[in-house]
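In what follows, a single structure is set out as structure tokens and then discussed.
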Amino acid sequence: MLGEREVQTLIDMALSQRKFAYAPYSDFRVGAALLAGSGKIYTGCNIENSAYSPTNCAERTAVFKAVSEGERDFQAICITGGRGEDEPSDFCPPCGVCRQVMLEFCPPDFEIILAVNRERYEVHRLDELVPKGFRL
Ligand code: THU
């Protein structure tokens, strides 16, 4: 399990990633910070598209950045999101597509930190958020 210091670092990084979100269609800005086994942290934001379906979620941006740099071992991700530029007012759980991408690369005890701010957050496990997930 992650220590409090690591959790706080991931929350800070996810919150600050929201400023890079490209979300002109939904105005819903999401930030993610993914901790790899190497200790390196990969950040991500959502990147929308006028044709809608090419939109990439913040979590997948972070996972794809990491995998494209040779990382395949992950410990935890922090996700934070909400409308507008202000601090989020609620939790932003990962969408089904991002959960499936996490299943591809992350172990069952992978920690998913849903954060509203530094004080308000909850920690889940991947196998809790995706029970009976499909893996080959
Ligand atoms: N979004 C994410 O970045 N992550 C999620 O898990 C949920 C949804 C983004 C996609 C889209 O740009 C916006 O939030 C509204 O759906």
Side-chain angles (χ1 to χ4, degrees):
M1 247 182 69
L2 288 196
E4 185 61 23
R5 242 172 58 109
E6 286 168 304
V7 169
Q8 292 297 333
T9 301
L10 291 179
I11 293 175
D12 284 344
M13 291 181 77
L15 283 169
S16 65
Q17 265 299 296
R18 289 185 66 238
K19 68 174 173 288
F20 298 128
Y22 176 72
Y25 306 104
S26 71
D27 192 38
F28 195 87
R29 292 150 208 256
V30 186
L34 173 70
L35 175 64
S38 64
K40 209 167 152 187
I41 297 172
Y42 294 84
T43 54
C45 62
N46 55 327
I47 304 168
E48 297 189 344
N49 188 276
S50 59
Y52 295 107
S53 63
T55 292
N56 210 53
C57 290
E59 302 90 315
R60 275 177 292 143
T61 302
V63 171
F64 294 158
K65 277 170 71 178
V67 172
S68 71
E69 293 187 24
E71 299 273 10
R72 299 253 179 104
D73 172 31
F74 301 110
Q75 284 187 47
I77 191 168
C78 175
I79 308 161
T80 183
R83 235 170 262 284
E85 289 177 6
D86 295 342
E87 185 179 282
S89 53
D90 207 350
F91 296 111
C92 176
C95 79
V97 173
C98 289
R99 292 180 198 212
Q100 189 65 40
V101 167
M102 289 178 208
L103 272 186
E104 188 71 28
F105 295 105
C106 308
D109 64 353
F110 180 70
E111 291 180 55
I112 299 170
I113 303 158
L114 305 179
V116 174
N117 54 43
R118 285 183 126 239
E119 289 78 41
R120 197 169 152 221
Y121 66 87
E122 45 188 48
V123 185
H124 298 272
R125 283 171 56 115
L126 181 57
D127 61 1
E128 172 207 338
L129 294 193
V130 192
K132 295 188 188 161
F134 177 75
R135 290 183 195 261
L136 280 181

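As the structure lists them, so they are numbered: ligands from 1, and atoms in each ligand from 1. Hydrogens, waters and symmetry mates play no part in the numbers below; they use all other heavy atoms, side chains included.
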Could you check whether any side-chain N or O of [X] sits under 3.5 Å from a backbone N or O of [Y], counting only pairs where one atom can act as donor and the other as acceptor?
{"X": "R29", "Y": "A21", "value": "no"}
{"X": "R118", "Y": "D12", "value": "no"}
{"X": "E71", "Y": "A36", "value": "no"}

Q8 and E4: side chain donor to acceptor below 3.5 Å |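 Present: a donor and an acceptor within the cut-off.
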Please say which of L129, L34, V97, I112 ends up in a side-chain contact (heavy atoms from CB on, under 4.5 Å) with M102.
->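 Exactly one candidate clears the test, I112.
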Exactly which residues line ligand 1, taking a heavy atom under 4.0 Å from it as the test?
->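 Contacting ligand 1 under 4.0 Å are S26, F28, V30, N46, E48, T55, C57, A58, E59, P93, P94, C95.
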Output all residues satisfying side-chain contact (heavy atoms from CB on, under 4.5 Å) with R125, sequence neighbours left out; order by chain, then residue number.
->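 R125 satisfies side-chain contact (heavy atoms from CB on, under 4.5 Å) with P108, D109, D127, E128 only.
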